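Indexing begins at 1, ligand by ligand and atom by atom, following the structure's order. Every value quoted in this text rests on a predicted model; they were computed, and no experiment measured them. All values below come from the heavy atoms of this structure, side chains included, with hydrogens, waters and symmetry mates left out.
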Amino acid sequence: MKVVALAGGVGGAKLAQGLAACLEPANLTVIVNTADDFVHLGLQISPDLDTVMYTLAGIANPQLGWGRADESWHFMETLEAFGGPVWFRLGDRDLALHHWRTSRRIAGEALSALTLEAKNKLGISVQILPMSDDQVQTIVSTSEGALSFQEYFVARKCEPAVRGFHFEGIETAEPAPGTLEGLETADVVIFCPSNPWVSLDPILAVRGIRDQVRSKPVFMVSPIIAGKAVKGPAAKMYAELGVEPSAVAVAQHYEDILLGLMVDHRDASLVPELEALGLKVCIEDTLMKARHDRIRVAQSLLEFAQTTGLKERTS
Ligand code: FO1
């Protein structure tokens, strides 16, 4: 079974690690959100790509979820002593990747080519693709005005109330090489438990991707469990946009796309409502703390996709 997974940062990376353990490398492509990317301290930072790569390479920081394990912070400490900006923390080991990527991008190389080289150097055998080689930037409209994504997420700790989102540059962004081709040959598309508003929506907004995804059986793991996001502001965003946060809200967000939704056992009571939306539903313990949880969730999702997807195609 050929699988394409769409992923944001931490939640996406966890399921991608589980999927990578269950599938032949040639059968898994992960398309990653790059609308969180920004230039900071003169460096081109791609947080979600790096979180996915570090997690798949087994070197992600287990406490933070982003950045590298076994990290030191001498650069940040020294920068702080000089009064420099330290609101966005770049560890010493992590810095090397940002420096390497920035210098090569300044020399004219594409993000997708550099991602291929980086993931190979990190010993990752599955395909990892940025959604686009072109710059796209999430702008969050808030009660305090428009904020760039990292300003909202890290500097303001998601405190301002959200009014909406805009993906600057999306109109002219081309899908990265391999994305549409990967989707075309996929048997199944998986939406990782990433934030629908700011991780999955930007990927789907890249020209051609949504249409290609919609032509496939699509399965998702809900990022909302019992009304709360496992990590990050997804639930807060739903509430501030006037939608009660739940797996049902996630299902309605992608009603025109999803064939099946995996929900946590704590949301078992929502199954009739989800099925009334025409969805196939699978119940699991979807919290993915350790590697074995990620493999268990991925295995269960693939079985769900295989049985449901096949039935759909033969019925
Ligand atoms: N998230 C934080 O909350 N604080 C940080 O200082 C921070 C630094 C950082 C550095 C590199 C990197 O790849 C990710 C980093 N993140 C940090 C995470 C990042 O802001 C978010 O995970 C994503 O953009 C949302 O998916």
Side-chain angles (χ1 to χ4, degrees), residues 5-17 30-57 59-77 79-80 84-102 105 111 114-115 118-119 122 128 130-131 135-140 147-160 162 165 167-168 191-203 223-224 229-237 288:
L6 308 193
V10 180
K14 286 178 179 176
L15 184 63
Q17 189 185 32
V30 188
I31 301 178
V32 182
N33 170 43
T34 56
D36 296 4
D37 292 18
F38 74 133
V39 176
H40 183 60
L41 303 175
L43 299 168
Q44 310 214 8
I45 318 282
S46 294
D48 288 357
L49 272 176
D50 292 352
T51 300
V52 169
M53 286 198 291
Y54 289 157
T55 302
L56 285 172
I59 55 171
N61 187 310
Q63 281 84 37
L64 298 171
W66 49 266
R68 287 187 65 148
D70 191 23
E71 187 57 285
S72 59
W73 303 91
H74 301 298
F75 172 79
M76 279 284 116
E77 286 156 16
L79 186 63
E80 189 165 26
V86 291
W87 62 273
F88 194 84
R89 293 185 293 149
L90 296 172
D92 299 331
R93 288 182 192 279
D94 190 28
L95 269 172
L97 176 56
H98 304 309
H99 180 274
W100 172 83
R101 179 167 43 214
T102 304
R105 287 198 61 190
L111 182 59
L114 296 172
T115 302
K119 71 101 191 161
L122 290 169
I128 301 177
M131 65 188 203
Q135 195 187 313
V136 178
Q137 232 205 336
T138 296
I139 305 294
V140 188
L147 298 172
S148 69
F149 181 76
Q150 298 298 346
E151 219 179 331
Y152 162 80
F153 190 84
V154 178
R156 298 301 320 280
K157 299 185 172 60
C158 310
E159 277 165 15
V162 162
F165 308 94
F167 309 127
E168 211 170 80
F191 287 7
C192 291
S194 299
N195 187 315
W197 300 104
V198 291
S199 296
L200 299 176
D201 282 357
I203 305 177
I224 308 266
V230 178
K231 195 174 179 359
K236 184 175 178 283
M237 288 172 172
M288 296 182 281

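- Looking at atom 21 (C) of ligand 1, its nearest protein heavy atom turns out to be F153 CE2, 3.6 Å.
- Of the options L6, D48, D50, I203, a side-chain contact (heavy atoms from CB on, under 4.5 Å) to V32 is made by D48 and by none of the others.
- Which parts of ligand 1 touch D94 is read off a 4.0 Å heavy-atom cut-off, strictly below it: atoms 11 (C).
- In terms of protein heavy-atom proximity, atom 13 (O) of ligand 1 is nearest to P47 CA, 3.3 Å.
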Practice problem: Show the numbers, then the answer: is there a salt bridge (charged side-chain N to carboxylate O under 4.0 Å, His left out) between R101 and D37? | Solution: CA-CA 12 Å; R101 179 167 43 214; D37 292 18; over 6 Å; no

Quiz item: Does the pair Q17 and L56 meet the rule for a side-chain contact (heavy atoms from CB on, under 4.5 Å), with working shown?
Solution: CA-CA 5 Å; Q17 189 185 32; L56 285 172; 4.1 Å; yes

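- Interface of W87 with ligand 1, defined as ligand atoms under 4.0 Å from a residue heavy atom, comprises 6 (O).
- Protein heavy atom in closest approach to atom 26 (O) of ligand 1: D48 OD1, 2.8 Å.
- Contact annotation: the side chain of N195 approaches that of M237 to within less than 4.5 Å [non-hydrogen atoms, C-beta and beyond].
- With hydrogens and angles disregarded, a donor-acceptor distance shorter than 3.5 Å links the side chain of N33 to the backbone of V198.
- Of the protein's non-hydrogen atoms, W66 CE2, 3.3 Å is the one closest to atom 17 (C) of ligand 1.
- Residue R89 has at least one nitrogen or oxygen atom sitting less than 3.5 Å from a nitrogen or oxygen atom of ligand 1, judged on distance alone.
- Closest to atom 3 (O) of ligand 1 among all protein heavy atoms lies V154 CG2, 3.8 Å.
- For the residue pair Y54/D94, the side-chain donor-acceptor check at 3.5 Å is satisfied.
- No more than 12 heavy-atom neighbours from other residues, nucleotides or ligands sit within 6.0 angstrom of CD on E80.
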Exercise. Assess whether side-chain contact (heavy atoms from CB on, under 4.5 Å) is satisfied between S46 and L111, documenting all intermediate values.
Key: CA-CA 9 Å; S46 294; L111 182 59; 3.9 Å; yes

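- The protein non-hydrogen atom at the shortest distance from atom 25 (C) of ligand 1 is D36 OD2, 3.2 Å.
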Practice problem: Could you check E71 against L64 for side-chain contact (heavy atoms from CB on, under 4.5 Å), going step by step and ending with a plain yes or no? | Solution: CA-CA 11 Å; E71 187 57 285; L64 298 171; over 6 Å; no

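- Interface of F149 with ligand 1, defined as ligand atoms under 4.0 Å from a residue heavy atom, comprises 24 (O), 25 (C).
- Residue-to-ligand polar distances keep D50 apart from ligand 1: every N/O pair is separated by 3.5 Å or more.
- Residue, atom and distance of the protein heavy atom nearest to atom 20 (O) of ligand 1 are Q150 OE1, 2.8 Å.
- The shortest N or O to N or O distance between H98 and ligand 1 is not under 3.5 Å.
- Here L90 has side-chain heavy atoms under 4.0 Å from ligand 1, and that is the only part of it that gets that close.
- Atom CD of Q135 has 12 or fewer heavy atoms from other residues, nucleotides or ligands within 6.0 Å.
- The nearest protein atom to atom 9 (C) of ligand 1, hydrogens excluded, is given as F88 CZ, 3.2 Å; this is a heavy-atom distance.
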